[in-house]
Each structure stands twice: as structure tokens, then as C-alpha cells.
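Okay, so here's the structure we're looking at.
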Amino acid sequence: MLFKPDSKENDRDDEKSTVPRKRSILSRVLGRMVSLLITLVILGGLGYLGWLAFQPKPNGGGGRGAGARPDLPVPVLAATPQVHDVPVYLDGVGSVKALNTVTVRSQVDGKLLKVNFVEGQDVKKDEVLGEIDPAIYQAQYDQAVATKAKDEALLANQKIDLARYEQLAATNAGSKQQADTQRALVAQQQAIIKADQAQIDNARTTLGYTKIVAPIAGRAGLRQVDQGNIIHASDTTGLVILTQLQPIAVWFSLPQQQIMRVNAAAAKGQLAVDVFGNDGVTVIDTGKLTGIDNQVDPTTGTLKLKAELPNASYQLWPGQFVNVRLKVETLPQAIVVPTSAVQRGPAGTFSYVIGADNVVTAKPVTVTQQNEHEAVIASGLTTSDRVVTTGFANLADGAKVIVGKDDGPPAADLAPRKRSRTPDGKTGGQSKDGKQDGQGKSGEHNGRPEHSERDQKGQTGPAPAPAAGGEQPGGAPKAQP
């Protein structure tokens with residue numbers, strides 16, 4: 001028998017199943033809202049932190065450091081512009097060349113009997129460097145002298161015969177034709193004697209070539225032929241190469257843009273040339289400009305110039321590369337400041353000028369020329385100004401400064417200073433002036449973190465845990481729970 005379920009009991013079961021379902025949906029919605037709220041709070045905090053990061057510094061920028069206090073003066077060093085004559089130089093790179101170089105060769109063939117020089121020796125002009133066997137050339141000279149003597153004797157006899165024929169012709173006792181013929185023979189013999197004299201001179205010169213002499217004064221190089229060898233006039237190597245070192249020449253190049261400037265300066269007088277040593281700072285020799293090339297090298301766009309230097313101490317050597325500077329003019333009574341005083345900004349060059357109450361002002365300046373030490377100022381500064389030369393890191397226009405004294409270059413610390421524990425339990429290093437590291441001139445702490453004795457000794461590993469209620473290393477006392 002079938003029974004129909006009671007409708008009231010079914011309704012009760014439906015109500016019981018609907019209530020937990022509504023509760024689960026509500027909790028799910030509440031959970032999502034809480035998560036969304038937390039996310040919005042986190043994003044808001046991050047946005048606030050980013051907004052703070054992009055806000056301008058309270059110091060107003062201007063190159064001041066992040067840790068600099070705006071109420072304290074900035075320590076700087078200052079200098080006063082000077083007035084003096086400033087030379088203007090053009091820098092170039094060149095090479096040293098000998099003023100004269102000669103390859104000493106033999107002018108005759110023969111056996112080399114003697115070598116009268118030492119390699120690397122300074123020789124004088126016309127000094128005998130080597131000797132060749134003169135036997136053959138001496139014989140040729142003696143033969144030429146004997147031939148001349150024989151022809152002179154024959155000429156003397158012909159002159160006597162001519163006198164006789166002339167006397168006979170004058171008295172009509174002899175033929176005039178015979179006298180004329182004899183006169184022609186005498187003239188012919190006189191010409192033969194002159195040829196003999198030329199042969200003698202040639203033989204004497206050839207004999208002199210057996211002694212090889214120095215054509216110039218200079219320094220001998222390495223010997224090319226040893227004693228006892230047969231040398232020839234056709235040998236290309238020669239006996240030795242002589243190089244003139246005093247004076248010496250330097251060839252250097254300048255950009256083609258400086259042609260007009262160099263020519264204008266050379267037209268006014270002799271130009272001085274300085275040559276630097278290996279350090280590029282020390283001038284090792286000074287000479288004069290002797291020549292300017294007549295054309296520009298099209299491959300490099302430079303102009304060649306030649307200078308002559310005395311080279312008194314043999315500090316310059318042929319083939320050596322050197323740095324050269326050419327003095328073209330002198331700026332009279334120019335205002336000069338240290339190069340470090342000239343700063344560069346978006347608007348050009350400027351300098352910090354210390355005014356009243358030690359307040360600096362940025363003034364634009366015009367620089368004519370400068371090097372690593374000094375700069376020539378055309379306008380913007382006077383001799384009564386004081387310009388800042390050191391301490392630009394925390395400096396800005398309108399800042400107050402304190403000017404220190406530049407007693408000398410600071411001594412660099414090669415190693416960290418030794419730290420010692422103070423009576424109050426803190427550590428500090430002893431400086432050169434007797435003050436503890438971490439303290440300023442007024443005794444104030446400079447904000448450096450202090451280190452424990454464990455850190456000073458270089459030990460590694462985790463630091464010991466601080467005792468309860470004790471002082472943490474480098475921090476404030478730990479709060480009691």
C-alpha cells in the first residue's frame with residue numbers, strides 16, 4: 001500500500017537545506033570584500049611611499065648631499081685670481097731625427113789594414129776612421145812623378161835646340177821652318193808636362209783615399225766591416241754610419257687649422273719649441289723652429305714642422321717619439337685662476353664666488369684657455385674676488401661656506417685605523433689629530449655605526465644574542481616586555 005508523503009515534512013527539509021546555502025554565499029562575499037579591502041590598503045600605502053620618494057628634498061637640491069644639514073656652512077677651499085703673463089702653446093707629437101747622417105764608404109778598393117774608432121765613439125770631422133793598403137796607389141803616384149820628371153828633361157833639351165835654331169835663322173845660316181817646328185815641339189812638350197802634373201794630382205788624391213776620414217763630427221754606429229777584409233768602393237753598407245747628435249732635429253705635426261696662427265707667429269720672430277720627457281710634464285730641451293713644410297699631408301690633414309735643439313746632455317735620440325709644444329704668443333697681464341675653480345653647467349662655464357658673510361654666488365665666466373693647472377679668464381672675475389676651488393659636492397648657489405686652509409696635500413690612509421674600546425663601552429678609532437673617529441670638531445657624533453670588538457678583529461659567524469633588557473649593538477636599548 002502506498003502512502004503519500006506529508007507535504008509539511010518536505011517543506012521543513014527544504015528550509016533546512018536553504019539556510020546553510022545562504023550562509024555559505026554570504027561568508028564567501030564577505031571574504032572577498034575583506035581581501036579587496038586589504039589589497040586597496042596595501043596599494044594605497046605603496047602609492048604614498050612612491051609619492052614621498054618623488055617629492056623635492058627639504059634642502060632644495062642644488063647639489064647638496066642627502067645627509068647635509070642646511071643650517072651648517074659647507075667647508076671649502078678658496079683662491080684669489082692672479083694676474084701675470086701667460087704663454088700660449090700648440091701641442092704636437094713628433095719624432096727625433098739626426099741633423100746629419102752619413103754612411104762612410106771607401107772610395108777605393110783594397111785591404112782594410114786598420115780600424116781607428118770604437119763603436120759608439122764621438123769622432124771629429126776629418127778624423128781617420130780606417131786605413132786601406134796604400135802600396136798600389138803609392139806606386140801609381142811614384143810612376144806619375146817619374147813620368148813628369150822625364151818629360152821635363154826632354155822639354156829642357158828641346159828648349160836648347162829651339163834657341164840654336166832661332167840664332168841660325170836670324171843670321172840666315174839655318175832654315176826658319178826648322179826653328180818654327182822646334183818651337184811647336186817645345187809647346188807640345190809643355191802640354192805633356194801639364195798632363196803629367198794632372199796624373200800626379202790624381203794619383204795623390206787616390207792615395208789619400210786609402211785613409212778613410214770622417215766627413216762630419218758625430219757619433220759612430222756599429223762597425224760594418226772588420227779589419228783585414230777587402231772593401232770596395234761599390235759596397236753599399238760602408239764602413240760605419242755617423243750620426244750628428246749635437247744639435248739634433250725634431251720633426252712634429254700640427255693640425256691644418258693652426259697654419260695661419262703658426263705663420264703669423266713665425267713672421268714676428270723666432271719661435272721657441274719645447275720637448276717633453278717620458279712623463280709628459282718635464283721639459284728636457286728647448287730649441288727653435290727652423291722650418292715649416294710647404295704643403296699639408298692630405299692623408300692626415302696635418303702640417304709638418306722642423307725644430308733644432310742643442311741636445312747638450314744627449315737626452316734626445318734619433319728615432320725617439322716625443323711630445324712637443326710650440327710657443328706662438330704670450331697673453332699679457334691675464335687673469336688666471338686654478339682650473340678646479342671653473343665649473344661647467346647647462347648654461348656654460350661658471351665659478352662660485354665667495355661674497356659677504358661667506359655666501360657663494362655662481363657667476364658666469366669666459367675662459368680663453370686652460371690646462372691641467374690654471375685657466376685664463378677673459379671676463380666674469382676680478383682680482384678682488386675669491387673663488388671656490390674644492391668642496392663642490394655639497395655646494396649650491398646662495399649657500400653659506402666656511403673657508404679652510406690648504407696647508408698641503410692630504411695624506412692618504414694606507415690602512416684602516418686601529419679601533420679601541422672607550423671607557424663607556426663604545427668603540428672608536430684614534431685619528432692623527434688625537435680625536436676619536438666618529439666625533440667632529442665640536443665633539444658631536446657623526447652618525448657612523450659603531451662596531452663591536454668582534455667586528456674589529458675580523459671574526460666571522462653569527463653575533464651573540466643580546467641579553468634581555470640589555471643594549472643591542474649599534475641600536476637603542478631593547479624595550480622590556
Side-chain angles (χ1 to χ4, degrees), residues 84-103 215-219 221 241-336 339 342 344 348-349 366-378:
H84 57 80
D85 295 341
V86 179
V88 179
Y89 295 101
L90 299 179
D91 297 327
V93 178
S95 61
V96 182
K97 294 187 179 182
L99 202 61
N100 292 294
T101 301
V102 177
T103 301
I216 62 171
R219 175 159 296 190
I241 297 177
L242 295 183
T243 303
Q244 184 178 354
L245 302 179
Q246 291 180 338
I248 203 166
V250 173
W251 291 32
F252 62 100
S253 300
L254 291 178
Q256 62 181 3
Q257 292 80 4
Q258 303 294 342
I259 295 177
M260 299 298 295
R261 197 172 187 180
V262 173
N263 289 333
K268 297 178 181 179
Q270 194 70 250
L271 301 183
V273 177
D274 296 331
V275 176
F276 293 95
N278 295 330
D279 57 359
V281 177
T282 306
V283 177
I284 59 176
D285 206 354
T286 301
K288 60 183 179 179
L289 185 68
T290 58
I292 303 175
D293 200 4
N294 58 0
Q295 59 182 353
V296 175
D297 188 353
T299 59
T300 60
T302 58
L303 178 68
K304 291 183 179 179
L305 299 94
K306 180 180 179 182
E308 185 176 321
L309 300 98
N311 197 26
S313 302
Y314 295 103
Q315 62 270 29
L316 298 177
W317 214 251
Q320 177 183 358
F321 288 97
V322 292
N323 294 323
V324 183
R325 70 180 183 185
L326 175 66
K327 181 180 178 182
V328 292
E329 62 177 316
T330 301
L331 301 177
Q333 298 299 301
I335 297 178
V336 179
T339 301
V342 179
R344 283 171 173 79
T349 55
T366 302
V367 180
T368 301
Q369 70 168 18
Q370 71 177 29
N371 53 26
E372 62 273 13
H373 301 297
E374 60 183 17
V376 179
I377 305 300

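Considering only residues two or more places apart in sequence or on other chains, E308 meets the side chain to side chain donor-acceptor pair (under 3.5 Å) condition with none of them. Residues that satisfy the side chain to side chain donor-acceptor pair (under 3.5 Å) test with S313, not counting sequence neighbours, are absent from this structure. Applying the side chain to side chain contact (heavy atoms under 4.5 Å, CB included) test to T101 and every residue at least two apart in sequence or in another chain returns A98, I241, T243. Qualifying side chain to side chain donor-acceptor pair (under 3.5 Å) partners for D279, counting only residues two or more places apart in sequence or in other chains: T282. Applying the side chain to side chain contact (heavy atoms under 4.5 Å, CB included) rule to N294 yields no partners; only residues at least two apart in sequence or on another chain are considered. Residues passing the side chain to side chain donor-acceptor pair (under 3.5 Å) test with N100 are Q244, sequence neighbours excluded.
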Please report the C-alpha distance between V376 and I335 in whole Å, then the side-chain angles of each, then the deciding distance to 0.1 Å, and finally whether the side chain to side chain contact (heavy atoms under 4.5 Å, CB included) criterion is met.
CA-CA 6 Å; V376 179; I335 297 178; over 6 Å; no
Test log, rule side chain to side chain contact (heavy atoms under 4.5 Å, CB included), inputs L99 and I248
CA-CA 5 Å; L99 202 61; I248 203 166; 5.8 Å; no
Does the side chain to side chain contact (heavy atoms under 4.5 Å, CB included) test come out yes or no for L289 and F252, once each step is laid out?
CA-CA 11 Å; L289 185 68; F252 62 100; 4.1 Å; yes
Does the side chain to side chain contact (heavy atoms under 4.5 Å, CB included) test come out yes or no for V324 and V273, once each step is laid out?
CA-CA 7 Å; V324 183; V273 177; 3.3 Å; yes
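Counting heavy atoms from C-beta on, the side chains of V88 and T330 never come closer than 4.5 Å. Counting only heavy atoms from C-beta outward, the side chains of V328 and L326 approach each other to under 4.5 Å. At least one side-chain heavy atom of L245 sits under 4.5 Å from a side-chain heavy atom of W317. Two residues are said to be in side-chain contact when any heavy atoms from C-beta on lie closer than 4.5 Å; T368 and L331 meet this criterion.
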I'd like a table of donor-acceptor pairs (distance under 3.5 Å, sequence neighbours excluded) in which one partner is a side-chain atom from residues 255-269, with atom names and distances.
from: R261; atom 1: NH2; to: E329; atom 2: OE2; distance (Å): 3.1
from: N263; atom 1: ND2; to: I259; atom 2: O; distance (Å): 3.3

Show every donor-acceptor pair shorter than 3.5 Å between a side-chain atom in residues 295-306 and any protein atom, with sequence neighbours excluded, or say none if there are none.
from: D297; atom 1: OD1; to: T299; atom 2: N; distance (Å): 3.2
from: D297; atom 1: OD1; to: T299; atom 2: OG1; distance (Å): 2.8
from: D297; atom 1: OD2; to: T299; atom 2: OG1; distance (Å): 3.3
from: D297; atom 1: OD2; to: T300; atom 2: OG1; distance (Å): 3.4
from: T300; atom 1: OG1; to: T302; atom 2: OG1; distance (Å): 2.7

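Residues in residues 280-290 take part in no salt bridge (charged side-chain N to carboxylate O under 4.0 Å, His left out) pair, two or more places apart or across chains. Applying the salt bridge (charged side-chain N to carboxylate O under 4.0 Å, His left out) test to residues at least two apart or on different chains, the pairs with a partner in residues 313-328 are D274-R325.
Here the OG atom belonging to S95 is positioned 8.5 Å from the CH2 atom belonging to W251, to the nearest 0.5 angstrom. Rounding to the nearest 0.5 angstrom, the gap separating the CD1 atom in I284 from the CG atom in N278 is 7.5 Å. The structure places OH of Y314 at 3.5 Å from CD of Q246, a figure rounded to the nearest 0.5 Å.
A donor-acceptor distance shorter than 3.5 angstrom exists from the side chain of D85 to the backbone of Q333, with no hydrogens or angles considered. Counting only distance, with no hydrogens or angles, the side chain of T339 and the backbone of N371 share a donor-acceptor pair below 3.5 Å. Remark: side-chain polar atoms of N311 are paired, donor with acceptor, to backbone N or O of L316 under 3.5 angstrom.
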